[in-house]
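See below for the structure under consideration.
The chain is numbered in sequence order, starting from 1.
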Amino acid sequence: MKEIKYENKTIAYTVNKAKVKNFYISIQNGEVVIKAPWYVTSSQIQDVVESKRKWIMEKLEEYQKSPRKAKEYLDGEKFQILGEEYSLNIYYKDINNAILNVENGKIVIILPLRYAEEDNTEQIKKMIDKMYYMVAEREVEAAMEKTRKMVGLAPEEYRIKKTKSVWGSCSSNRKITINQNLMMYSRKAVEYVVLHEVCHLKYMNHSKKFWEMVEKYMPDYKEAENELKK
């Protein structure tokens, strides 16, 4: 692990040498990784990293703000709800059951005092997941109804589920699934994913006609797409 300085911050980076012609700099799980030609020297790599340090710091800051950044579920950590940033606040009180409230830019979790000396990461994670599910119940229902009135189509049924690889899906039996983690993003993004899946009720592919249908009902859908790609 090597380091460079940028203003008053230290940037650590890892070097992987390979049979490549150029340098590649990427942020992987919050770490700076340099892929470099096998024949270059350490000083040459250092020079390249030094020349790109401003760009590297900007990308690191973007990663820290990313809704999909791996969470540690610690007091003060930031979470996104419908595109807005909320701060996690964890308290302990003499109560029997855990409480979660969302208000004034804060996610407030109050845990029983008897848990104060324990590792409560898993319990807090489950509470945050439940929060996103509850937000999804409200937002997806509203988006489905809005889309039904606009498009004139509706699925046989829909469900909300935490998935790893897709924001939404539409099966051949006309059932739609929406990823509850979509609630990290803006309401516009939620409505886009719902519209996208509803359009699959007519076109079970990504043909030109499919995208024309999406664009007809949401001309600026690419803005939502770009948000989801961040």
Side-chain angles (χ1 to χ4, degrees), residues 20 22 24-30 33 35 55-56 58-71 78-86 102 128-230:
V20 293
N22 301 305
Y24 298 92
I25 304 174
S26 62
I27 309 300
Q28 300 179 18
N29 297 321
V33 178
K35 182 182 284 188
W55 179 87
I56 291 171
E58 288 173 354
K59 293 301 177 185
L60 283 171
E61 289 173 353
E62 284 180 14
Y63 175 81
Q64 291 299 322
K65 294 177 182 178
S66 169
R68 283 184 278 182
K69 174 182 176 288
K71 299 298 184 183
K78 305 298 182 184
F79 288 79
Q80 301 280 120
I81 304 175
L82 296 177
E84 300 294 328
E85 189 173 81
Y86 287 74
V102 179
I128 295 291
D129 282 345
K130 186 176 180 180
M131 176 198 72
Y132 280 123
Y133 184 86
M134 292 175 69
V135 173
E137 283 187 311
R138 180 187 72 231
E139 294 296 327
V140 174
E141 181 178 2
M144 282 286 179
E145 183 61 11
K146 179 179 178 179
T147 303
R148 182 189 66 78
K149 290 178 179 178
M150 181 171 58
V151 181
L153 291 172
E156 291 295 329
E157 65 178 77
Y158 71 85
R159 64 176 180 167
I160 297 160
K161 184 180 178 182
K162 187 175 180 179
T163 60
K164 292 183 178 181
S165 58
V166 293
W167 294 123
S169 63
C170 179
S171 68
S172 57
N173 58 358
R174 300 176 65 82
K175 294 180 181 180
I176 286 175
T177 300
I178 301 294
N179 187 343
Q180 71 182 52
N181 285 346
L182 181 61
M183 300 308 115
M184 298 177 186
Y185 294 84
S186 69
R187 186 169 282 117
K188 178 79 171 183
V190 176
E191 291 178 351
Y192 162 67
V193 172
V194 169
L195 173 63
H196 185 112
E197 301 310 327
V198 167
C199 288
H200 276 314
L201 295 173
K202 186 170 183 179
Y203 300 106
M204 287 297 292
N205 51 47
H206 288 106
S207 63
K208 182 180 179 181
K209 287 188 176 181
F210 168 82
W211 289 113
E212 286 174 349
M213 185 177 179
V214 171
E215 188 171 20
K216 175 183 176 181
Y217 295 107
M218 188 178 284
D220 58 350
Y221 76 89
K222 288 187 179 180
E223 290 180 12
E225 270 198 339
N226 290 333
E227 179 186 351
L228 294 170
K229 288 177 181 177
K230 284 183 180 179

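- A search for side-chain contact (heavy atoms from CB on, under 4.5 Å) contacts involving A189 returns Y185, S186, E227, L228, not counting sequence neighbours.
- Looking only at distances, no side-chain donor or acceptor of E197 sits under 3.5 Å from a matching main-chain atom of I178.
- Classified by interplanar angle (parallel below 30°, tilted 30° to 60°, perpendicular above 60°), the ring pair F210/H200 is parallel.
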- request: Carefully, step by step, assess I25 and W55 under the rule side-chain contact (heavy atoms from CB on, under 4.5 Å).
  value: CA-CA 10 Å; I25 304 174; W55 179 87; 3.8 Å; yes
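- Between F79 atom CZ and M184 atom CE the span is 8.0 Å, to the nearest 0.5 Å.
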For residues 147-155, please give each side-chain donor-acceptor pair under 3.5 Å, one per line with the distance, not counting sequence neighbours.
{"residue": "T147", "atom": "OG1", "partner": "A143", "partner atom": "O", "Å": "2.7"}
{"residue": "R148", "atom": "NE", "partner": "E145", "partner atom": "OE1", "Å": "3.1"}
{"residue": "R148", "atom": "NH2", "partner": "E145", "partner atom": "OE2", "Å": "2.6"}

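- Rounding to the nearest 0.5 angstrom, the gap separating the CD1 atom in I160 from the CD atom in E137 is 5.5 Å.
- In summary, E223 and K188 do not engage in a salt bridge, as defined by a charged side-chain N under 4.0 Å from a carboxylate O.
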query: Could you go step by step and tell me if Y132 and I81 meet the side-chain contact (heavy atoms from CB on, under 4.5 Å) rule?
result: CA-CA 8 Å; Y132 280 123; I81 304 175; 4.3 Å; yes
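- Taking CD of Q180 as the reference point, atom NZ of K162 lies at 6.5 Å (rounded to 0.5 Å).
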- prompt: Passes side-chain contact (heavy atoms from CB on, under 4.5 Å), K71 versus I128? Steps please.
  reply: CA-CA 11 Å; K71 299 298 184 183; I128 295 291; over 6 Å; no
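- Ring pair H196/W211 is perpendicular by interplanar angle, where above 60° counts as perpendicular and below 30° as parallel.
- From Q80, atom CD reaches atom OH of Y86 across 10.0 Å, with rounding to the nearest 0.5 Å.
- The side-chain contact (heavy atoms from CB on, under 4.5 Å) test applied to K209 returns Y203, S207, E212, not counting sequence neighbours.
- Here the two rings, on W167 and Y192, have centers that are 6.0 Å apart or farther.
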